K.L.:
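Below is the structure I would like to discuss, written out as structure tokens.
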Amino acid sequence: MTTSLETPQTMQDGQWGVHYALEPGQTQYHELCHTRVWATLLEQEWQIRYQRMPEDDDQERWLQRVTDTLPDAELGVQRFVRPDDGCQLHYLPAMSSLATVIRPYQPLTIPAASECTIYVGTLLWMRIQAGSKGTHLMELPLADPSLTWVGRTTMEGELCYSAATFARLVLDAVPKRPWRAITPVRIINERPEPLLLERFNLPTPLLSLHRNEKGHLWTPGVTVICETDMNSARLRVDHDLIAAAGRCELVAPAREQTARGGLVRAYDRIFG
Amino acid sequence: MIEQFESSLMQFFGAVAWSKWISTLFLLVLGIVLASFAARGISRFMEDRASRHHTVMVRRLVFYLVLAIFFFAALREAGFSLDVVLGAAGILTVAIGFASQTSASNMISGLFLLVEKPFEIGNFIEVEGTIGEVVSIDMLSVKLRTPDNLYVRIPNETLIKTRVVNRSRFPIRRMDLTVGIAYAEDVARVENLLLDLARQSSVSLEEPKAFVLVTGFGPSSIDMQFSFWLPSDRVLQGRSQMMVAVKKMLDEEGIEIPFPHTSIYAGSHSEPFRVELLRPETETNKGDPDAYQNG
């Protein structure tokens, strides 16, 4: 296991969408989430290396530093021919390409004919772009995502990512990390009986990413309306961000577009 | 004599309606060219819109359809009556059917395979112990490419008659690993450790949940079945990763994986085995023949 010789004091905060400039022979080293990333510029090529960190190492900041030393030769490397003479490098966040099943650590009951808004933080993918044109080099998840199956049977359904959440109802209690996007999920229970929320399917590919002035990432809110059956709830992705997000700028558009004119649509197996 | 032959040859060639035969030939060539273009065009159109299986099927259908139209047009041009040709074709089919029953059977089996669709091009199937990716489904046979890159041809008739396992029909699969632990170990503890392993592993799906069963008391070990689900396209990699992780976990936890061994037990009524303790030889005496004589 390669360990970092850097200390947080000698490193600076990394940011999404900022153009970093490297000289040939230099390496930019990052520590964020459960991942270390090394981006090296050589005369004719870019080299990207990454490594997972232990999961118990709970970081709060995204640290980065440019060094003149080459990374450890034991690390697996991915090489890319330089698309142009530009020395710029920048990083963009992206939501997952598969839907994400959110599973509260403790199930939450929503009483009959009532609603609540829970705040969910989801894992991001890092898109690495290089050169003056910002050519896409690669994309990597910032932690190993776990997979799960959502479907009525093992024959019909879809593969999704799975994420555990505290399903916080108070926004201030949600930890803000540069590698997590916050999605407000409003769940409306119109049924005459309580709704036990054990898990639900968040359509992350339909969500765009926005950054506010504090550097926090937000997605538009999602409204889930459960009228009769738990398996036939309707889902709507809002156009705008919630007011609490503050002034935001678009960082990355959604991977997939919602059906035209279909803001509200039946979404099979929302509650698993 | 030669003059006579020349004159009869001239008469014969003079009698042949060359223009008719040339236009027949032209129609046939045109048919082949147009059928190829049409098949290629439809294939390109369907490439992004349909599966490989359907694309190949429609491409072939279009090719033969266009070719058949031009073939019949050419026959008509040559002066054959279509009714006679069809009648002759019927008789010919019966004759061929009797002559080549196997081929006919394979062709009919091929039709059934197309209708029943037990697998598609690109699927991994298992037939009579052969596992491979379906490369093509043809009139007489199905071609497979095995993981060790062999080209295997399986007659359609065999596929209709025998058991075919389609390994890539569903997106997820269950993997059953057999884990044997020593009789002295705590089964419940091992069970929990294995389930933890499935939870932490990135290849094992969270749902459907992994489970552990005790399947038997073997001659040397307690046999357990560790079952977990994983995506169909990551079966080999997932199985290997999980087996390595199980071995590492059992080693770290000090849990013994026994290998087959035999214990000899004399029973309560028999005399105990005679055990003789030998003094270890000293290093100086080892290998010295005189040491034995002197001692």
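Because the structure is a prediction, the values reported are computed rather than measured. Proteins get letters first, then strands, A, B, ... in listed order; numbering begins at 1 in each.
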K.L.:
Looking at residues at least two apart in the chain, or sitting in another chain, which of them share a salt bridge (Lys or Arg N to Asp or Glu O under 4.0 Å) with B/Glu191?
P.N.:
none
K.L.:
Are there more than 12 heavy atoms of other residues, nucleotides or ligands under 6.0 Å from atom OH of B/Tyr183?
P.N.:
yes
K.L.:
Quick check on A/Leu159 against chain B: is it the side chain, the backbone, both or neither that has a heavy atom closer than 4.5 Å?
P.N.:
side chain
K.L.:
Given that the side chain runs from C-beta out, which part of B/Ser201 has a heavy atom under 4.5 Å from chain A: side chain, backbone, both or neither?
P.N.:
neither
K.L.:
Minimum heavy-atom separation for B/Arg234 and A/Leu147, please, with both atom names.
P.N.:
NH1-CD1, 3.4 Å
K.L.:
Drop me the distance from A/Arg199's CZ to B/Glu206's CD, to the nearest 0.5 angstrom.
P.N.:
9.5 Å
K.L.:
Taking all heavy atoms of A/Pro145 and all of B/Ser202, pick out the closest pair and write down the distance.
P.N.:
O-CB, 4.5 Å
K.L.:
If you measure from CG on B/Leu205 to CH2 on A/Trp149, what distance do you get to the nearest 0.5 Å?
P.N.:
9.0 Å
K.L.:
May I ask you to check whether over 12 heavy atoms, not counting those of A/Glu156, lie within 6.0 Å of atom CD?
P.N.:
no
K.L.:
Any chance you could measure A/Thr154, atom OG1, to B/Glu207, atom CD, to the nearest 0.5 Å?
P.N.:
12.5 Å
K.L.:
Please list, in residue-number order, every residue in residues 135-168 of chain B that has a heavy atom less than 4.5 Å from any heavy atom of chain A; write 'none' if there are none.
P.N.:
none
